[in-house]
Amino acid sequence: MQFSGLDCRFERLAAPLPMHRARVDATQWSALALAVATAKGRLVSLWGSDRRAMGDGFAVGAAYATAEGLLWAELGLDVVRPAYPDISRFFVPAVRMQRAAHDLVGIDAEDSGDSRPWLRHGAWPADYFPLRIENTGQERFAPQPDNYPFVFVEGDGVHEIAVGPVHAGTIEPGHFRFSVVGEKVLRLEERFGYTHKGIERRFMGMDIDEGARLAGRVSGDSTVAYAWAYAMAAESAAGVAVPERAAWLRALLLERERVANHLGDLGALGNDAAFGFALAQFSRLREDWLRANFEAFGHRLLMDCIRPGGVARDLDAAAAAQLRRDAVALVAEVAELKDIYDEHAGLQDRFVTTGRVAPELAARLGLTGLAGRASGQVADLRVDFPWPPYDKLAVTASTQFNGDVAARVAVRFDECFESLRLIDALLAALPDGPLDVPVAIRDAASGAGWIEGWRGEIFVALETDARGRIARCHCHDPSWQNWPVIEHASIDNIVADFPLINKSFNLGYSAQDL
């Protein structure tokens with residue numbers, strides 16, 4: 001396919017969603033970014049690769065969401081000076097992705113306004129790049145100096161509050177630097193990378209089945225979404241389609257994951273607004289839901305249920321009937337709690353206008369997923385590009401426009417009800433048939449997966465080497481796009497409301513620290 005008159009041709013990947021790939025030169029790289037931005041498209045991900053083992057050089061990849069589907073552009077880079085044109089002037093989320101690409105691969109965005117390290121944290125020298133082929137990722141270094149240059153805010157009465165990276169409870173580490181006057185937030189700057197696990201390095205050299213287990217552990221709250229996106233990437237690289245029953249079971253698992261996360265977050269949001277009753281009730285419902293997962297599929301979080309070629313667990317008629325009864329019962333309980341939320345003056349006082357992201361700002365910053373839909377960004381892959389079985393389910397996307405905590409709570413309730421409807425429909429019409437097909441990955445092949453997870457769109461780009469093993473697997477979480485937006489959402493709010501704002505997004509820390 002051609003896009004916006006560019007003189008490069010995108011080839012369709014063998015995948016159930018419209019995804020296309022093309023090799024571009026530097027001029028086309030910049031022209032494509034401009035064209036996608038002009039057409040109101042979105043940057044999905046940006047990453048670097050070292051191809052020298054395959055007789056190539058370095059490369060930078062970018063995936064864009066457009067009205068025609070996903071466009072994966074790849075630009076080859078010079079081995080001596082691997083640099084590429086900066087695209088952050090078109091897409092704000094590219095800033096941190098470009099910084100991470102430098103830390104991991106040593107490729108540079110030319111004329112970028114922010115070249116501070118993102119993942120390194122002084123854990124390795126500035127001239128060491130973990131994803132280069134001469135390195136193993138097992139090297140050990142003495143701690144390096146790490147004087148991170150936060151942006152300093154000056155003015156009468158301005159002071160800083162440093163929060164984290166170690167927090168109370170069991171949440172993951174992240175640092176938040178508040179510049180405030182009194183209780184009002186003037187600026188928030190985030191810093192992550194404390195949970196860097198080397199996952200993308202670990203993928204290299206794995207076979208496809210080993211990689212599937214690792215992909216399902218990128219982010220524990222999105223194990224189904226990552227496992228499906230990875231499996232879709234492997235299947236597209238192999239040119240195979242999964243059986244119909246497997247596709248329906250995958251959708252069932254994905255919607256159950258969505259419900260579990262919304263239940264947990266709705267309770268936590270009530271608790272952050274001093275309504276402990278909500279936490280107790282939603283925690284009870286979520287625990288029952290997770291126990292049902294274990295009974296039906298063998299794992300509370302549904303890990304290892306999806307594999308390349310299909311699914312690993314089937315569902316008998318009795319279990320399906322019980323899950324349908326559970327879904328119907330949950331609709332009534334969540335509806336009752338929604339009425340309590342809507343009528344609770346104290347909750348609404350804390351939710352309404354807090355942490356607002358106007359639709360115009362959301363579009364400019366690339367806000368995506370459920371948080372984007374709460375700010376008028378209507379994208380949902382299940383609606384925009386319904387792949388099997390969503391093409392038979394007529395998914396309705398929830399949209400709000402106020403962009404505050406109240407709007408994000410409303411979207412969660414709506415999506416919970418819609419997922420429960422989908423679960424009932426999936427179980428009612430679950431087709432018979434095989435659970436999987438063989439997946440024989442070709443040598444030097446590539447594929448991509450694109451899934452609407454509960455937080456937003458999950459993307460996986462997969463490439464194999466001359467032996468058919470993984471040469472590069474890049475996993476992308478929507479938290480990359482949405483964390484910078486929290487910095488803006490917090491401005492002019494009081495510091496005490498930050499936990500509520502943060503929880504209303506509930507983004508992943510380690511999901512973007514691969």
Side-chain angles (χ1 to χ4, degrees), residues 216 220-228 231 242-268 278-307 309-340 382 388-396 398 412-436 451-454:
D221 62 13
S222 300
T223 181
V224 174
Y226 273 103
W228 194 350
V242 300
E244 186 181 24
R245 184 175 179 86
W248 283 64
L249 287 170
R250 285 179 174 185
L252 173 64
L253 295 168
L254 186 67
E255 298 308 320
R256 290 193 66 87
E257 179 172 83
R258 195 182 314 275
V259 170
N261 282 290
H262 287 333
L263 291 176
D265 285 351
L266 285 167
L279 179 63
Q281 296 303 313
F282 277 108
S283 295
R284 171 180 62 85
L285 296 176
R286 182 174 184 271
E287 177 61 23
D288 289 344
W289 194 255
L290 296 181
R291 290 183 183 186
N293 282 348
F294 182 82
E295 290 296 324
F297 298 104
H299 198 287
R300 288 165 59 87
L301 299 181
L302 305 173
M303 284 187 176
D304 301 324
C305 290
I306 293 177
R307 64 187 181 196
V311 294
R313 296 291 295 253
D314 202 357
L315 195 65
D316 61 31
Q322 183 60 51
L323 292 182
R324 289 189 73 185
R325 289 191 293 269
D326 292 346
V328 171
L330 186 57
V331 169
E333 296 228 44
V334 174
E336 185 175 3
L337 287 166
K338 182 180 185 301
D339 289 342
I340 293 172
R382 300 172 300 166
Y390 290 110
D391 55 345
K392 294 182 173 64
L393 299 174
V395 179
T396 300
S398 173
R412 288 178 184 276
F413 273 114
D414 289 348
E415 292 198 354
C416 194
F417 290 130
E418 179 66 358
S419 289
L420 290 170
R421 182 191 73 82
L422 294 173
I423 287 168
D424 185 70
L426 287 161
L427 290 168
L430 189 64
D432 294 326
L435 296 180
D436 59 8
I451 294 293
E452 187 71 36
W454 73 269

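The two residues R313 and A296 make their nearest non-hydrogen contact at NH2-O, 4.1 Å. Taking each heavy atom of L279 and S283 in turn, the nearest pair found is O-OG, 2.6 Å. Nearest heavy atoms, P389 versus A251: CG-CB, 3.5 Å. Annotation for A246 and G310: closest pair CB-CA, 3.8 Å, computed over non-hydrogen atoms. Among all heavy-atom pairs drawn from L301 and V224, the shortest one is O-CG2, 4.4 Å. A225 approaches G453 most closely through the heavy-atom pair CB-CA, 3.9 Å.
Inter-residue side-chain proximity for V311 and C305 is flagged as unmet; no heavy-atom pair is nearer than 4.5 Å. Here the side chains of L323 and I423 are not in contact, with every heavy-atom distance at 4.5 Å or above. In this structure, Y390 and L254 have side chains that are in contact, with non-hydrogen atoms separated by less than 4.5 Å. T396 places none of its side-chain heavy atoms less than 4.5 Å from the side chain of F417. Between Y226 and I451, every side-chain heavy-atom pair lies at or beyond the 4.5 Å cut-off.
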Next item on the list: Would you sort out whether H299 and N293 count as a side chain to side chain contact (heavy atoms under 4.5 Å, CB included), showing the intermediate values?
Entry: CA-CA 6 Å; H299 198 287; N293 282 348; over 6 Å; no

Next item on the list: Determine, stepwise, if the pair L290 / R286 fulfils side chain to side chain contact (heavy atoms under 4.5 Å, CB included).
Entry: CA-CA 6 Å; L290 296 181; R286 182 174 184 271; 3.4 Å; yes

Next item on the list: Walk me through it: do L252 and L422 pass the test side chain to side chain contact (heavy atoms under 4.5 Å, CB included)?
Entry: CA-CA 8 Å; L252 173 64; L422 294 173; over 6 Å; no

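L337 CG to L330 CG: the interatomic distance, rounded to the nearest 0.5 Å, is 9.5 Å. In this structure, the separation between CD on E333 and CG on L263 is 10.0 Å, given to the nearest 0.5 Å. Here the CG atom belonging to L430 is positioned 6.5 Å from the CG atom belonging to L315, to the nearest 0.5 angstrom.
Screening V331, V259, L285 against C416 for a side chain to side chain contact (heavy atoms under 4.5 Å, CB included) leaves a single residue, V259. When the options E244, R250, R245 are evaluated for a side chain to side chain contact (heavy atoms under 4.5 Å, CB included) with W248, the one that passes is E244.
The local environment of CG in D339 is crowded, with over 12 non-hydrogen atoms from other residues, nucleotides or ligands closer than 6.0 Å.
Under the 4.0 Å criterion applied to side-chain N and carboxylate O atoms, R300 and E295 are not assigned as salt-bridge partners. In summary, R382 and E418 do not engage in a salt bridge, as defined by a charged side-chain N under 4.0 Å from a carboxylate O.
For E255 (side chain) and S419 (main-chain N/O), no donor-acceptor pair under 3.5 Å exists by modelled atom type. Listed for the R256 side chain is no donor-acceptor partner under 3.5 Å among the backbone atoms of A292. Remark: side-chain polar atoms of W228 are not paired, donor with acceptor, to backbone N or O of I306 under 3.5 angstrom. Side chain of S398 to main chain of D414: no donor-acceptor pair is present (N/O by atom type, distance under 3.5 Å, no hydrogens or angles). Under a 3.5 Å cut-off, the side chain of E257 and the backbone N or O of L302 do not form any donor-acceptor pair.
Taking the six-membered ring where the residue is Trp, W454 and H262 present perpendicular rings, their angle passing 60° and hence far from 30°.
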